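Right, one structure below, let's go through it.
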Amino acid sequence: MSLNARLQAVRAVREELATLGIDPFGVEIDQIITPTEGVIQGRPTILAGTNNYLGMTFNEACIAAARTALETAGTGTTGSRMANGSYASHRELEVELARFYGKRDGIVFSTGYQANLGMISALAGPGDNVLIDADSHASIYDGCKLSGANVIRFRHNDPADLAKRLRRLGADASKALIVIEGVYSMLGDRAPLQEFVNVKKEFGAALLVDEAHSMGVLGERGQGLVEEAGVLADVDYVVGTFSKSLGNTGGFCVGDSEDMDVLRYASRPYVFTASLAPATIAATRQALKVLEAATDLRERLRENAERLHAGLSALGFQLGAPANAVVAVLVGEKVEALRFWDHLLKHGVYVNVMVPPATPGESSLLRCSVSAAHTPEQIDAICAAFASWPGARQPAHGG
Amino acid sequence: MNLPDITTRLIQIVTPFGQGRVPVISAATELTGDLELDSLRVMDLMLAVEDEFDISVPINSLADVRTVGDLAVLIQKTVGESA
């Protein structure tokens, strides 16, 4: 078997897509016009698959902060923070994130993916037990792999199943790490956080919550589901990303542990990678200020999500979860999902298509991410594109 | 619990996952090769196995499991450790 033989499965998928003439995993956006508009394949296109929940990518204050940092601190840091030094702004952002969440301290990572990798692998090691939700993001699975710990899955969003598995661990349960997400990226469904916190307390385990898809979206201050559910004080570690509501690149963790500053030095994804560029840090710091005050954006996002959810429901589509920033349409068979996705793109709407095994269960899905920057007219245009698919039910008058 | 008993119970659990891809499932049947279970189906199978035997099998311990028999041995070991 040649070294590249393991690529055969990927090659087969690529060839299948080429045969269909559809390539949702290699989309090039020729031009970005606004947070919700671009040009794809020469067509003006509404962007509804970018996770740009607050439309922060074009925020004028963030752009100005990035421009100033670019001109005063240069284009990049050219190295890792441990080996080559932190800029003052890296640390300032960590302090600001910790303050935003009311936690003891924070660590900034170079991507959200690396934040999960870095935290899980620093917290747990061989002989430890990490319990993860079955539908966890790949970054959580990969962080577990890097840790070398025993990795135990529990049924998705099922605190009772988690409790059962903690009970089996006996005395080791109090040393275990539980990892869940606030909002799950594929279907947009929320974790029953209070119930998970109850289980964590019962067994004395540590709890890490990834808030990638709820930071900026949920809670009065935009802290996410941890705020909305009123459990922030009981969550040991909150992980998040800069690449969604904050409109940039990077990731972070905040926590109350006395070891926060030691953890970073035990975290290979922190130590052995280049740190974030000054402009990225500057824009993110500005975005965090905007995010905290952006109750109006969160309200608009909620209205847009409800409008899209209602519109697609009226068309007879089966949706993954109640209205949220992620609205997922369950499509079923893979090739149909790919054709449906291509149909939407040709009608000027870009969404994401997910097929098994990336999706929970057997169904393929079309995943829309709603933005506060979408106009009601754009939401209606997205619904109209869905309505033009032959499988859609025509909405009732006034729908 | 002895290995033949575990294997018998395991085959009962595995059978619906196999969806008739092989006429008879035995200890030698390969989970991914013969039964064509992808990684997600293996994970679903493991949830069912864990319920049946009241154990938790860490994902990382599955790396060397290829056949139904391999899995039965792993279950026996895990049951022994948690007893």
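Not measured: the values here are computed from a predicted model. These numbers come from the heavy atoms of this one structure, side chains and all, not from hydrogens, waters or symmetry mates. A note on names: the letters A, B, ... follow the listed sequences, proteins ahead of strands, and every chain is numbered from 1.
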So for [X], is it side chain, backbone, both, or neither that comes closer than 4.5 Å to the heavy atoms of chain B?
X: T359(A); value: backbone
X: R153(A); value: both
X: K164(A); value: side chain

Any chance [atom1] of [X] has more than 12 other-residue heavy atoms, nucleotides or ligands included, within less than 6.0 Å?
X: R168(A); atom1: CZ; result: yes
X: R9(B); atom1: CZ; result: yes
X: N2(B); atom1: CG; result: yes
X: R268(A); atom1: CZ; result: no

- Query: Do D51(B) and R155(A) come close enough that some side-chain heavy atom pair is under 4.5 Å?
  - Reply: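 D51(B) reaches R155(A) side chain to side chain.
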I need the residue from I55(B), L40(B), D38(B), V57(B) with the largest number of non-hydrogen atom pairs under 4.5 Å to chain A.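 Heavy-atom pair counts peak at I55(B).
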Item to complete: Please report the closest heavy-atom contact between R165(A) and E50(B), naming both atoms and the distance.
Response: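 Shortest heavy-atom contact: NH1-OE1, 2.5 Å.
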Euclidean distance, S56(B) OG relative to L131(A) CG, rounded to 0.5 Å |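 The distance works out to 7.0 Å.
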Atom CG in L47(B), atom CG in D161(A): separation rounded to 0.5 Å?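 Here the interatomic distance stands at 7.0 Å.
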